[in-house]
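Down below is the structure, laid out as structure tokens.
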Amino acid sequence: MASIHPQRLMMERFTYALREQGFLDRTFDNLTNLHQNENPLAIFCGHAEPNLTQILPYLQPSTLNFGRVLNVIEQVKGNAISVGGRRVAIACAALQERCRAYDCEGANDAYRKVLWEYYILRDCFHHILQLFLHFLQPWRFLPC
């Protein structure tokens, strides 16, 4: 029986724990099997963070624009789903609900939850990317 490289085992346990905690879904597993020049996890981080920053002014009472928030958060949610970011996608859906209800306070609370979940996922992706970079695959990575 072939033994599993210790770093690969560590990676598998880490991603399993993230799935068990609801941070990732099975979509993520498909991404780790891809061999391409650009990393989808780094691309997600590169797009999500500027989009999330763009939302904040639209949730201020003086510049409130639920329609714009809905447009931007739909992109973030779709991108989160495409990389298996389950909890980010759920938080985005909650923000969409608050915006559709024209609930400014609730939308701001939901926005903070989206940010919280995003930063946790970004940090997890960073650790995953570092493991791949140093130990597991010749996949070209850009840090999140």
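FYI, side chains are in, hydrogens and waters are out, and symmetry mates aren't considered; it's all heavy atoms of this structure.
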Do Leu18 and Ile128 have side chains that approach each other closer than 4.5 Å (heavy atoms only, starting at C-beta)?
yes

Closest non-hydrogen atom pair, Cys92 against Val76:
SG-CG1, 3.8 Å

Does Phe14 have more than 12 heavy atoms from other residues, nucleotides or ligands lying within 6.0 Å of its CZ?
yes

Is the shortest side-chain heavy-atom distance between Thr27 and Ile81 below 4.5 Å?
no

Arg122 and Cys45: which non-hydrogen atoms are nearest, and at how many Å?
CG-SG, 3.8 Å

Do Leu115 and Ile120 belong together in a cluster built from hydrophobic side chains that touch within less than 4.5 Å?
yes

Side chains of Arg112 and Trp116: does their closest heavy-atom pair fall under 4.5 Å?
no

So do the side chains of Phe125 and Val83 get within less than 4.5 Å of each other, counting heavy atoms only?
yes

Which atom names give the shortest non-hydrogen contact between Gln75 and Asn51, and what distance separates them?
OE1-ND2, 3.5 Å

Would you compute the distance between atom CG of Asp123 and atom OH of Tyr118 and round it to the nearest 0.5 angstrom?
9.0 Å

Smallest heavy-atom separation, Lys113 atom then Ala91 atom, equals CG-CB, 4.0 Å

Would you be so kind as to tabulate the donor-acceptor pairs closer than 3.5 Å made by side chains of residues 56-64, with sequence neighbours excluded?
| unit_1 | atom_1 | unit_2 | atom_2 | d |
| --- | --- | --- | --- | --- |
| Gln60 | NE2 | Leu56 | O | 3.2 |
| Thr63 | OG1 | Pro57 | O | 2.3 |

Do Leu121 and Phe44 come within less than 4.5 Å of each other through their side chains, counting heavy atoms only?
yes

Under 3.5 Å, is there a donor-acceptor pair between the side chain of His47 and the main chain of Ile43?
yes

Any Glu117 side-chain heavy atom under 4.5 Å of Phe23 side chain:
yes

Main-chain N/O of Gln21 paired to Arg87 side chain as donor or acceptor, under 3.5 Å:
yes

Minimal non-hydrogen separation, Leu24 against Arg86, with atom names:
C-CB, 4.3 Å

Residues Ala110 and Leu95: closest non-hydrogen pair is CB-CA, 3.6 Å

